[in-house]
Amino acid sequence: MIKNIDYHGLDIFAQDIVNGLQLTDANLRELLSLTEEEDLLKLHYVSRKVRDHFFENKVFLYSFVYFSTYCKNKCTFCYYNRCNDIQRYRLGMDEIRNICRTLKNESIHMVDLTMGEDPYFHEHPERFTDVVKAVKEETGLPIMISPGVMNDGTLSRLHESGADFLALYQETHDRELYGKLRVGQSFEDRVNARSFAKSIGYCVEDGILTGVGNDIESTIKSLRGMENNRPDMVRVMTFVPQEGTPLGKKDPESSIEELKIIAILRLMFPDRLIPASLDLEGIPGMVHRLNAGANVVTSIIPSNSTLEGVVNYDRDLEERDRDPKSVIKSLKAMGMEPASQDDFNKILERKHEIPAVPL
Ligand code: SAM
Ligand code: MD0
Ligand code: SF4
């Protein structure tokens, strides 16, 4: 569907996707098997066409607030797993409010409040609802929460307190691989939390990792698994080996697979939000991901911030270069620009148009 097609043919393919063409497993297999640069560039071209149809040159920006890096879990891929002997922090309410004040004057569409599964909040969820309320009060912005798995009652209270979006990544919908990544955690609980959140009016984000031993068939399972959730946002991130963790000695992979999967996600979820995370390769990496069909920039951090990311490509760099102004400058150089807050709010509202699929 890409090989031996000229650019006119690619334009027709993009139009077919816009008109509702659904990719078969055979199509996915064919696209995931592409390795020639020329073919990959053609795939990215089709994805950009599809994205531009729905979003023109407009991009959404999320700021990232990792407010507690304590965690009770032991995900094999994650730097913050409980067995890793690292420095951790948990921000107090004043620190959180201060961060919010710096965010207010930036062109940010949503604040992403992320934590490890920190018992301090998980065992006392009212502490987390207080954080959500405070962030809402300070910024007035839509709020994404990325707290890990929380029970239905807590998710409801968080929603009532101002949380609009739940990010909860399955990492893989291949159960065998899941068992090796999210060791000791229930596959169903994670799926069900997303599904419950969707049913009570949250927007939801699902995500997968690549470079974690996923072959083409496993990736297809994950792509189909994400479809079942009817997510509002879908992501793929390249696994980056982290020191001191079980998968820390694995050879790092390039971002080529991630870019390919971003482009395929755009063809499968034409009008959904797809992020280019700054956490993996900073602004140069953001440009590649947008060119592959992404339409959101995530993991934006104020320039003077000492907050952590989840992967932290810039952990050892002297200067961090992922603040809103640097992002916007690079977007403009690409002929893109931040969308309006109104455009983003419309996306948050359209969740009502798509019913959640019962499990
Ligand atoms: N603790 C919550 C949870 O696990 O759902 C919230 C944190 S979650 C946003 C952290 C996400 O970052 C993971 O779901 C995973 O997709 C990604 N991540 C973590 N470690 C990573 C690594 N080493 N390389 C790539 N992505 C990673
Ligand atoms: C990112 N560090 O977008 C963030 C994180 C959590 N909702 C998002 C993985 O890269
Ligand atoms: Fe904890 Fe989330 Fe890292 Fe897993 S991915 S160890 S749940 S912070």
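Counting starts at 1 for both ligands and their atoms, in listed order.
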* Asked: Do T24 and N27 have a side chain donor and acceptor closer than 3.5 Å?
  -> yes
* Structure fact -> Checking Y66, Y70, Y89 against Y80 for ring-ring contact (aromatic ring centres under 6.0 Å, His included), the one that qualifies is Y66
* Sub-4.0 Å heavy-atom approach of C71 to ligand 1 -> no
* Are H173 and D206 close enough that a side-chain donor and a side-chain acceptor fall under 3.5 Å? -> yes
* **For atom 4 (Fe) of ligand 3, every protein N/O/S atom that sits closer than 2.8 Å, waters excluded** => C75 SG
* Could you say whether the N/O atoms of V310 and ligand 1 ever approach to under 3.5 Å? => no
* **Donor + acceptor pair across side chains of N214, T219 (<3.5 Å)** => yes
* To do: Below 4.0 angstrom from a heavy atom of Q242, which ligand 1 atoms are there? Numbered from 1 as shown, please.
  => 23 (N)
* **D279-S277 side chain donor-acceptor pair, cut-off 3.5 Å** => no
* Could you tell me the residue and atom name of the protein heavy atom closest to atom 4 (O) of ligand 1, and the distance to it rounded to 0.1 Å? => R182 NH2, 2.8 Å
* Asked: Linking I/L/V/M/F/W/Y whenever any side-chain heavy atoms sit under 4.5 Å apart, do I256 and Y313 land together?
  -> no
* Has L247 got any heavy atom lying under 4.0 angstrom from an atom of ligand 1? -> no
* So with a 6.0 Å cut-off around NZ of K74, is the heavy-atom count from everything else above 12? -> no
* Sub-4.0 Å heavy-atom contact, R190 with ligand 1 -> yes
* Asked: Exactly which residues line ligand 2, taking a heavy atom under 4.0 Å from it as the test?
  -> F64, D112, T114, M144, S146, A167, Y169, R235, M237, S277, D279, T298, S299, V310
* Asked: Which of the atoms in ligand 3, numbered in the order shown and given with their element, are less than 4.0 Å from a heavy-atom of Y66?
  -> 8 (S)
* Can a non-hydrogen atom of Q170 be found less than 4.0 Å from any atom of ligand 1? -> no
* Nearest-neighbour protein heavy atom for atom 17 (C) of ligand 1, which is reported as residue plus atom name and distance -> M237 CE, 3.4 Å
* Asked: Among the clusters formed by ILVMFWY side chains lying less than 4.5 Å apart, do V46 and F269 turn up in the same one?
  -> yes
* Answer yes or no for R235: is there a heavy-atom contact with ligand 1 below 4.0 Å? => no
* Asked: Taking the six-membered ring of Y79, is the NZ or CZ of R315 close enough (under 6.0 Å from the centre) and on axis enough (within 45°)?
  -> yes
* Asked: Counting only non-hydrogen atoms of the protein, does one fall under 4.0 Å from atom 8 (S) of ligand 1?
  -> no
* To do: Report whether V234 and V18 are members of the same hydrophobic cluster (ILVMFWY, side-chain heavy atoms less than 4.5 Å apart, transitive linking).
  => yes
* G207 near ligand 1 by a heavy-atom separation under 4.0 Å -> no
